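Keep in mind the model is a prediction, meaning the values are calculated, not measured. Residue indices begin at 1 and follow the sequence shown.
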Amino acid sequence: YEKQTSELESSRTMIKTYEGMIEEKDKCIKSLRENVVEKAAECQKLEENLSDTRDELQTKCAELAHTHGLLEEEKFRVSERDFLIAEHTRTEDQLRGEAEQVAENLRRANEHIAGLDGKVERQRSVLGHNHTDFGALRGDLQSIIGAMSTTLAEHSAQQLAARGSLANLRAVLGESIHRDTTTLLDQLS
């Protein structure tokens, strides 16, 4: 009996020991369950944050793609503007060169025109002077020819008696008058 009592006592002690261990294990399990619940709640919260972050990332990626498209369009516009500016500058330089060349040609043409105007004016002056001299010379020549004709007629009348010498004199005077008249007319022309 003692042995059984002792075994029973020993069994009771062991049961109490086991009950203490079970109680500790229950506390540990309870603590672990609480930790699991907390971790599950944290995990749920992290999943929600991850979902929100993914949504935000997708939104930002869409905005980035849109911004990248706008940037590419702007790069194209800038390159187009730079090209147009370069072409305008090249065209302006070309036009400036052509304008300078035209201005130089006009300056030379004005010099030539001024020279021609001077020549025309001098030629008019010479022609006017020559015309005046020619008119005076013509009048003088007509007077001389008239006087010579009169003299010839007088000499003709005086020399009528001597026919042979008269014909000679007429020929000489006619030739002289003709030669003098031709010379004067050539000089006037």
Side-chain angles (χ1 to χ4, degrees), residues 1-136 186-189:
Y1 176 77
E2 266 185 41
K3 190 176 172 190
Q4 275 186 348
T5 311
S6 147
E7 279 181 16
L8 186 63
E9 254 328 288
S10 160
S11 287
R12 278 188 188 157
T13 309
M14 263 174 90
I15 287 177
K16 281 190 181 184
T17 304
Y18 284 135
E19 282 178 350
M21 284 173 64
I22 287 175
E23 196 175 300
E24 274 186 44
K25 297 283 180 190
D26 279 343
K27 284 181 185 177
C28 189
I29 288 174
K30 187 177 179 185
S31 173
L32 285 175
R33 279 187 183 162
E34 288 174 359
N35 278 342
V36 167
V37 169
E38 284 178 18
K39 295 297 178 190
E42 282 181 30
C43 187
Q44 182 68 29
K45 194 173 187 180
L46 286 174
E47 283 181 7
E48 289 173 3
N49 285 344
L50 179 62
S51 177
D52 291 344
T53 304
R54 279 186 184 150
D55 291 344
E56 196 175 313
L57 178 63
Q58 285 178 348
T59 303
K60 295 295 180 186
C61 284
E63 287 177 9
L64 181 62
H66 179 70
T67 304
H68 183 71
L70 292 176
L71 179 63
E72 288 299 317
E73 287 177 16
E74 194 59 32
K75 281 182 184 177
F76 177 75
R77 284 188 202 124
V78 166
S79 66
E80 184 179 30
R81 186 196 70 210
D82 290 345
F83 173 76
L84 289 174
I85 288 171
E87 285 299 309
H88 283 293
T89 303
R90 185 185 63 76
T91 303
E92 284 175 359
D93 290 343
Q94 183 180 3
L95 289 175
R96 185 179 10 268
E98 290 175 6
E100 288 172 356
Q101 188 176 18
V102 167
E104 179 62 24
N105 289 343
L106 286 175
R107 185 190 62 75
R108 282 193 216 138
N110 281 337
E111 288 175 0
H112 290 305
I113 288 171
L116 287 174
D117 285 343
K119 286 180 183 177
V120 167
E121 193 57 42
R122 285 190 300 274
Q123 193 172 24
R124 279 187 191 148
S125 173
V126 167
L127 285 176
H129 182 55
N130 284 349
H131 185 68
T132 303
D133 288 348
F134 182 71
D186 286 343
Q187 287 176 355
L188 291 176
S189 298

How many angstroms lie between [atom1] in [X] and [atom2] in [Y], if you round to the nearest 0.5 Å?
X: Leu32; Y: Lys25; atom1: CG; atom2: NZ; result: 10.0 Å
X: Ser31; Y: Glu38; atom1: OG; atom2: CD; result: 8.5 Å
X: Ile15; Y: Glu9; atom1: CD1; atom2: CD; result: 10.5 Å
X: Lys60; Y: Leu57; atom1: NZ; atom2: CG; result: 10.0 Å
X: Asp52; Y: Glu56; atom1: CG; atom2: CD; result: 8.0 Å
X: Leu70; Y: His66; atom1: CG; atom2: NE2; result: 4.0 Å

Legend entry - Worked verdict on Arg96 versus Glu100 for salt bridge (Lys or Arg N to Asp or Glu O under 4.0 Å): CA-CA 6 Å; Arg96 185 179 10 268; Glu100 288 172 356; 5.1 Å; no
Inset, instruction - Inspect the contact between Lys45 and Glu42 and indicate whether a charged nitrogen and a carboxylate oxygen are less than 4.0 angstrom apart. - result: no
Inset, instruction - State plainly whether the residues Glu19 and Lys16 are in salt-bridge range, i.e. N to O under 4.0 Å. - result: no
Legend entry - Beyond-backbone contact of Val78 with Lys75, side-chain heavy atoms, under 4.5 angstrom: no
Legend entry - Side chain to side chain, Lys30 and Asp26, heavy atoms closer than 4.5 Å: no
Legend entry - Residue Glu63 excluded, over 12 heavy atoms near CD under 6.0 Å: yes
Legend entry - Heavy atoms from other residues, nucleotides or ligands near CZ of Arg107 exceed 12 (cutoff 6.0 Å): yes
Inset, instruction - Give the C-alpha distance, both sets of side-chain angles, the deciding distance and a yes or no for side chain to side chain contact (heavy atoms under 4.5 Å, CB included) between Met21 and Glu24. - result: CA-CA 5 Å; Met21 284 173 64; Glu24 274 186 44; 5.5 Å; no
Inset, instruction - Please answer whether the main-chain N or O of Glu7 pairs with a side-chain N or O of Ser11 as donor and acceptor at a distance below 3.5 Å. - result: yes
Inset, instruction - Give the intermediate values and the outcome of salt bridge (Lys or Arg N to Asp or Glu O under 4.0 Å) for residues Arg90 and Glu87. - result: CA-CA 5 Å; Arg90 185 185 63 76; Glu87 285 299 309; 2.9 Å; yes
Legend entry - Residue list, side-chain contact (heavy atoms from CB on, under 4.5 Å) with Arg124, at least two apart or on another chain: Val120, Glu121
